[in-house]
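Below is one structure; the comments refer to it alone.
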There are 2 protein chains.
Amino acid sequence: MLGCGTVGREVVRLLREHADELAARAGAPVELAGVAVRRPHKHADLGDLLTDNAAGLVTRDDVDVVVEVIGGIEPARTLLLEALKAGKSVVTANKALLADDGPALAEAADASGVDLYYEAAVAAAIPLLRSLRESLAGDRITRVAGIVNGTTNFILSAMTASGSSFSEALEEATRLGYAEADPSADVDGYDAASKAAILASLAFHTRVTANDVHCEGIRSVTASDITAAAGMGCVIKLVAICERTPPDGDIPESVSARVYPAMIPAAHPLASVDGAFNAVFVEAEAAGQMMFYGQGAGGAPTASAVLGDIVAVARNRVGGGRAPRESAYASLPVRAMGSVRTRYHVSLDVDDRAGVLAAISGEFAHRGVSIAAVRQTGGGNGGAAARLVVVTHAAPEAALAATVEVLAGLDAVRVVDSVLRVEDLGRKGVAG
Amino acid sequence: MLGCGTVGREVVRLLREHADELAARAGAPVELAGVAVRRPHKHADLGDLLTDNAAGLVTRDDVDVVVEVIGGIEPARTLLLEALKAGKSVVTANKALLADDGPALAEAADASGVDLYYEAAVAAAIPLLRSLRESLAGDRITRVAGIVNGTTNFILSAMTASGSSFSEALEEATRLGYAEADPSADVDGYDAASKAAILASLAFHTRVTANDVHCEGIRSVTASDITAAAGMGCVIKLVAICERTPPDGDIPESVSARVYPAMIPAAHPLASVDGAFNAVFVEAEAAGQMMFYGQGAGGAPTASAVLGDIVAVARNRVGGGRAPRESAYASLPVRAMGSVRTRYHVSLDVDDRAGVLAAISGEFAHRGVSIAAVRQTGGGNGGAAARLVVVTHAAPEAALAATVEVLAGLDAVRVVDSVLRVEDLGRKGVAG
């Protein structure tokens, strides 16, 4: 095992406490051969198992499978490529590495005829990846969408419950241990984007890397956005959406993967996913819509997924099988974000005078963005500012962005207060 | 393929429409070699593929995998045992057969070194079985509980929504195609019991057959039960519950599997599962609580699961692997229903006079059944009957049954109107 943090310690505990059961299930004992850590003195209870020589451990003769729970790109990548080259199977929870360079790992595993499993990389123990990779291998998946980052979900839940600002909610999340000292990977959406890349790759049999994922975090979500969402019968969640879209004019069949805060209907099952939980909807042509829900992070749930993969590797060694290989035959193009269609909620402060609404709605119409609903509040005192909220039908990102840019330059528009996407996620219930 | 009904026709359609994709995923073409049906003239579009000689088809040299979608015990069992003996892998959606005689199929598959897959047997395309069998193979599952029969869920949802009686709701379900002409397998709980046996076997590594499952259907649920549930902040659902219970006094660690209508909190996620949908909670020591949700029946969703299994068999043939074998090493005893502990809602019509409540609560106390709440309504007019509702803490089935028997014989008790279990299913929120 490489690394021995929160997840690693749980892996060690489960390997020890459930040794007999694991042996019965795998068909052979599963033994911990060594643990490579940077500071061995911190893990005295592991005794002779400890080493600071990770490179030596991953190629040792008595090692059959390398379990990586270090995280991050390096040294994990080099160590795992070495391990695979040396004929060791790999179980990893490393979403960043998989999203960055998964195909290189898959190719190395293939070249050596060994296994690469990574169930723990997305949504911890929720058995999402094996379901996409195996259970739904006979179906045509059209969408995978959900909440895959617990930290941001905790923060947005807190903002919704208490009306607090992003920074207040982040502070609380940090104090309670839900956010790390450097929260960027979570709050800027990178963690969710890595997971989206992995999900899209498996769902659509296409290589999708983190670079292909459009990613926006939640730093810019304000208390007034939360209030605006409530006014729409919605809540704001950081959603990861992987979609396959049929050919559309000049655009061929393509996939998109994106992560951003969006309004979703309060009646949607995802809306009630609170705190550190994850929930993911999967839609497939024959299977229809399915939901997976559970703890998407934490030492024990992540270790559960790692252990499941270890048993799979052991069963393969005993029974002569192999993990499913990378399946990227479809090679669908990744759709440019500009042509991805979603609905929008645009909030503007405008002069309260005749003709303003006509001018603004004209700019939307001019760019082919169809308006579903308009609401104006405030104003009416001559010269005061009014608040205008425009909700659109589904429109291409590029058309909406161009419209907003023009609106911001109009004399009558004092400020474009916020632009938020509205995602129905297959359920009805949003105004407009 | 054996049989060509609703599911079989969808399997044929998907095999044809997605032939290229399936070949890319499996690593080899997946070809339909033949379809055995009783009345070949009904399926003219299948042409030369059709045969009425099922026994001949399952041992034919050009057949690698037998897909069984006939249902029922015979002739399915004989045909599948023949197929396995002849070295053919089997994919089946047959819950009744698996719950009745699964171990015999597993042993036959083992003896020939071939695969036995049956994802479609429970909850259609919701990838529940592979998750229990593989993804959670490193964890210790403590409970699997949920709604696994769409017909009864439709009927109970209809009764709750409209206040209709069981027979009115059943009539509507039949008219809309949600219930079969002979609805017994569904409404008497046998279908759910078969699924519970399969789930318990996989979750607890123990052979659990349909005979081991305590099974009550929904025929006796009345409109007034539904109203009583609403008064408790609950709804009535037909639940399947598979539990592992730690040693308790003289009773060793054991498992229980049971199916019955129960009150569950209206705020519980299972309560909002409407119509023909299935939802199952899985709890494991490390993974915590997870939920799976989706369409649990129907031609296309069931076919999706069958196709996933076909791809798994094909991948195994190409790559040299094997389906996980039966895992029954734990051999835990099945707990007698009398010692299973649940909470109860008991509704009685009693004489409205002094001392009645004391007498009744004395009978509960005498048998160790602790009362959580009592509510009395009506009466007060001297000699009129009052309605008494008693909600208990968790108590053994046998103690509750004995109490109810004695209550029914008390002079002051006019009638025991209903006895319903109350299941919290791991969530708080029920009165008492």
Side-chain angles (χ1 to χ4, degrees), chain A residues 10 14-15 18 21-22 24-27 30 119 124-127 129-132 134-140 205 269 272 279 282 284-295 298-312 315-316 319-322 324-325 327 329-330, chain B residues 10 14-15 18 21-22 24-27 30 119 124-127 129-132 134-140 205 269 272 279 282 284-295 298-312 315-316 319-322 324-325 327 329-330:
Chain A
E10 283 295 314
L14 293 170
L15 279 174
H18 297 186
E21 293 198 88
L22 293 171
R25 295 175 197 176
V30 180
E119 183 68 57
I126 308 170
L129 302 195
R130 186 171 274 99
S131 295
L132 297 177
E134 303 185 39
S135 306
L136 291 163
D139 209 329
R140 199 155 205 270
H205 303 271
S272 54
V282 176
E285 278 185 15
Q289 198 176 54
M290 288 162 287
M291 185 174 84
F292 300 75
Y293 171 85
Q295 293 176 58
T302 309
S304 170
V306 168
L307 265 287
D309 282 352
I310 292 174
V311 170
R315 283 177 175 167
N316 287 340
R322 277 285 308 280
R325 299 176 185 190
S327 175
Y329 68 87
Chain B
E10 282 296 313
L14 293 169
L15 278 173
H18 296 185
E21 294 198 87
L22 293 171
R25 295 175 195 176
V30 180
E119 183 67 58
I126 307 170
L129 302 194
R130 184 171 274 101
S131 294
L132 297 177
E134 303 185 38
S135 306
L136 291 163
D139 208 330
R140 199 155 204 271
H205 302 272
S272 53
V282 176
E285 278 185 15
Q289 199 177 54
M290 288 162 287
M291 186 174 85
F292 300 74
Y293 172 86
Q295 293 176 57
T302 308
S304 170
V306 168
L307 265 286
D309 282 351
I310 292 174
V311 170
R315 282 177 175 168
N316 287 340
R322 277 284 307 280
R325 300 176 186 190
S327 176
Y329 68 89

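To find a chain, count down the sequence lines: A is the first, B the second, and so on, and within it residues start at 1.
- In terms of heavy-atom pairs under 4.5 angstrom with chain A, the leader among B:S327, B:A303, B:G321 is B:G321.
- Under the 3.5 Å distance criterion, the side-chain polar atoms of B:R322 are left unmatched by any main-chain donor or acceptor of A:G319.
- Not a single ring-ring contact (aromatic ring centres under 6.0 Å, His included) links A:H18 to another residue, sequence neighbours left out.
- Contact between A:G138 and B:L22 at its shortest, heavy atoms only, is CA-CD2, 3.7 Å.
- Only the side chain of A:E285 comes within contact range of chain B, with at least one heavy atom under 4.5 Å from a heavy atom of that chain.
- In plain terms, the two heavy atoms of B:A287 and A:Q295 that are nearest each other are O-NE2, 3.9 Å.
- Of the atoms belonging to B:Y329, it is side-chain heavy atoms, and not backbone ones, that fall under 4.5 Å from chain A.
- Residue with the most contacts toward chain B among A:A305, A:A286, A:A330, A:A300: A:A286 (heavy-atom pairs, distance under 4.5 Å).
- For the set A:A284, A:A24, A:S272, the entry with the most heavy-atom pairs within less than 4.5 Å of chain B is A:A24.
- Among A:G294, A:G288, A:P301, the residue with the largest count of heavy-atom pairs under 4.5 Å with chain B is A:P301.
- A pairwise comparison of heavy atoms in A:P324 and B:R315 identifies CB-NH1, 3.8 Å as the closest pair.
- In terms of heavy-atom pairs under 4.5 angstrom with chain B, the leader among A:R25, A:R325, A:M290 is A:R25.
- The choice from A:G308, A:S135, A:A124, A:G27 that makes the most heavy-atom pairs within less than 4.5 Å of chain B is A:S135.
- In terms of non-hydrogen atom pairs under 4.5 Å with chain B, the most contact-rich of A:A137, A:S131, A:G299 is A:A137.
- Heavy atoms of B:L136 lying under 4.5 Å from chain A belong to its backbone as well as its side chain.
- Atom CZ of A:R130 and atom CZ of B:R130 lie 9.0 Å apart (nearest 0.5 Å).
- For chain A, the option among B:A279, B:G320, B:A26, B:G298 with the highest count of heavy-atom pairs below 4.5 Å is B:G320.
- A distance of 10.5 Å separates CG of B:D309 from CD of A:E134, quoted to the nearest 0.5 Å.
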